[in-house]
Amino acid sequence: MIRLKNEKEIDGIRKSCHALADLFREVVPQVEPGMSTKDIDDLVVKFIKKIGGVPAWYSEDFAGAACISVNEQVIHGVPSKKKIIHDGDLVSLDIGIDLDGYISDSCHTVQVGNVKSEYKKLVKATRESLRAGIEACVAGNRIRDISNAVNDVANGKYGYGVVYDYCGHGVGLGVHEDPSIPNCPMSGPNPRIQPGMVLAIEPMINLGTADVHTADDGWTVLTNDGKWSCHEEHTVAVFEDHTEILTLCDDLVC
């Protein structure tokens, strides 16, 4: 069931989302070669505790405050002292904050040091596909309009693999709510976008195949061909006459 949010609920979600944008502004500049993904997660935990929030993922039995996925890891990377960041890596930070019961969700892929041009292009394409998806997320359209917009950029324009096994979703009062938001055209429910919807739109784009599999840890999702992936995400709120990007942080450099 899709939960339409009222003005009070959107205000609470907005506050959580603005805090998450501030978190990215503080943490991303500190990501550098030699750090472990656990070191990054510790920074995330410290920030969330400072603002009186709770990492949203803890409620899902995930061993970390952030999903930290590196290179061929697509999503759900488990923070580890053994996973070390190197110059040239792509590091996606997928983070949610529960602030007074209101959930925010966003992801940005950090380009660490001297990143090869082919990976910079992948990041550019993923961010462009996210913008296209958000532009299609307006009252009166349907969820599949978002899917088509993302796919038209990532696959149609750039020829990259668009992950179909995982998708965006409703968010705000829970970590994962209806509706599901595929990043490519798929059969199934195609609800109309309505005012009061709060949605997490999140393209997961692979340099090669769209096919993925789950690692032995039961969480980390990897590309089947070992080629690198990029993940970008914003939480948005739909109003009658506009759509607001609640996690917006245009000044973030990553």
Minimum heavy-atom distance Leu122-Trp228, with the two atoms named: CD2-O, 3.8 Å
Atom of Val162, atom of Ala154 and distance for their closest heavy-atom approach: CG2-CB, 3.8 Å
Separation between CG of Asp42 and CZ of Phe47, rounded to the nearest 0.5 Å: 15.5 Å
Phe62 and His76 aromatic centres sub-6.0 Å: no
Side chain to side chain, Arg25 and Asp251, heavy atoms closer than 4.5 Å: yes
pair Glu118-Leu207: side-chain heavy atoms closer than 4.5 Å: yes
Candidate pair Leu246 and Val236, rule side chain to side chain contact (heavy atoms under 4.5 Å, CB included), full reasoning: CA-CA 5 Å; Leu246 300 177; Val236 305; 5.8 Å; no
Residue pair Pro191 / Pro189: nearest heavy atoms and the distance that separates them: CD-C, 3.5 Å
Ser147 (side chain) donor-acceptor with Pro182 (main chain) under 3.5 angstrom: yes
hydrophobic_cluster_shared for Val238 and Leu130, side chain cutoff 4.5 Å: yes
Glu7 bridged to Arg14 by N-O distance under 4.0 Å: no
Ile48 side chain near Leu23 side chain, heavy-atom distance below 4.5 Å: yes
Under 3.5 Å: donor-acceptor pair, side chain of Thr37, backbone of Ser80: yes
Residue pairs involving residues 178-196 (criterion side-chain hydrogen bond (donor to acceptor under 3.5 Å, both in side chains); sequence neighbours excluded): none
Gap between atom SG of Cys137 and atom CD of Glu244 - 0.5 Å precision: 12.0 Å
Side chain to side chain contact (heavy atoms under 4.5 Å, CB included) evaluation trace for Val163 with Val74: CA-CA 9 Å; Val163 175; Val74 182; 4.1 Å; yes
From Cys67 atom SG to Ile75 atom CD1, the distance as rounded to the nearest 0.5 Å: 8.0 Å
Salt-bridge criterion met for Asp152 and Lys157 (N-O under 4.0 Å): no
ILVMFWY network linking Ile205 to Val212, side-chain heavy atoms under 4.5 angstrom: no
Summary of ring pair (Phe, Tyr, Trp, His ring centres under 6.0 Å) pairs that have at least one residue in residues 178-217, sequence neighbours excluded: none
Minimum side-chain heavy-atom gap Leu252-Val28 below 4.5 Å: yes
Distance, nearest 0.5 Å, that separates CZ of Arg142 from CG of Asn148: 13.0 Å
Connected hydrophobic set around Met186, excluding itself, where side chains approach under 4.5 Å: Tyr164
Test item: Thr235 side-chain N/O and Thr247 main-chain N/O as donor-acceptor pair under 3.5 Å: no
Check ion pair Lys124-Glu128 (N to O, under 4.0 angstrom): yes
Least distance between heavy atoms, Val78 atom then Trp219 atom: CG2-CB, 3.6 Å
N-O pairing of Lys15 and Asp11 below 4.0 Å: no
Distance-only donor-acceptor check, side chains Ser229 and Asn206, under 3.5 Å: yes
Thr223 side chain vs Lys227 backbone, donor-acceptor pair below 3.5 Å: yes
Residue pair Glu240 / Val138, side-chain heavy-atom distance below 4.5 Å: no
Side chain proximity check, Asn155 to Cys184, heavy atoms < 4.5 angstrom: no
Stepwise side chain to side chain contact (heavy atoms under 4.5 Å, CB included) check, Ile85 with Val91: CA-CA 8 Å; Ile85 304 302; Val91 182; 3.6 Å; yes
Leu199 with Leu4, same ILVMFWY side-chain cluster at under 4.5 Å: yes
Polar side-chain atom of Asp41 near backbone of Ala65 as donor-acceptor pair, under 3.5 Å: yes
Let me have the donor-acceptor pairs involving side chains of residues 104-114, under 3.5 Å, with sequence neighbours excluded, atom names and distances please.
unit_1, atom_1, unit_2, atom_2, d
Ser104, OG, Ser16, O, 3.3
Ser104, OG, Ser16, OG, 2.9
Ser104, OG, Ile97, N, 3.4
Ser104, OG, Ile97, O, 3.4
Asp105, OD2, His169, NE2, 3.3
Ser106, OG, Glu233, O, 2.8
His108, ND1, Glu232, OE1, 3.1
Thr109, OG1, His231, N, 3.2
Thr109, OG1, His231, O, 2.8
Gln111, NE2, Cys254, O, 3.4
Asn114, ND2, Asp87, OD2, 3.4

Under 3.5 Å: donor-acceptor pair, side chain of Asp39, backbone of Ser36: yes
Steps toward side chain to side chain contact (heavy atoms under 4.5 Å, CB included) verdict (Gln73, Lys83): CA-CA 12 Å; Gln73 297 177 342; Lys83 187 67 175 179; 3.9 Å; yes
Cluster overlap Leu248 with Ile146, hydrophobic side-chain contacts below 4.5 Å: yes
Asp217: partners by side chain to side chain donor-acceptor pair (under 3.5 Å), with sequence neighbours left out: Thr220
Distance (rounded to the nearest 0.5 Å) between Glu32 CD and Ile40 CD1: 9.5 Å
Heavy-atom pair with the smallest gap, counting every atom of Gly64 and Pro79: CA-CG, 4.1 Å
Reported CD-to-CZ distance for the pair Glu9 and Arg3, which is rounded to 0.5 angstrom: 7.0 Å
hydrophobic_cluster_shared for Met197 and Ile134, side chain cutoff 4.5 Å: yes
Minimum side-chain heavy-atom gap Leu173-Lys5 below 4.5 Å: yes
Over 12 non-hydrogen atoms of neighbours within 6.0 angstrom of NZ in Lys50: yes
Ile193 vs Ile143 side-chain heavy atoms within contact, under 4.5 Å: yes
Residue pairs involving residues 133-162 (criterion ring pair (Phe, Tyr, Trp, His ring centres under 6.0 Å); sequence neighbours excluded): Tyr158-Tyr160
Where Ile95 and Trp57 come nearest, the two heavy atoms and their spacing: C-CZ2, 3.6 Å
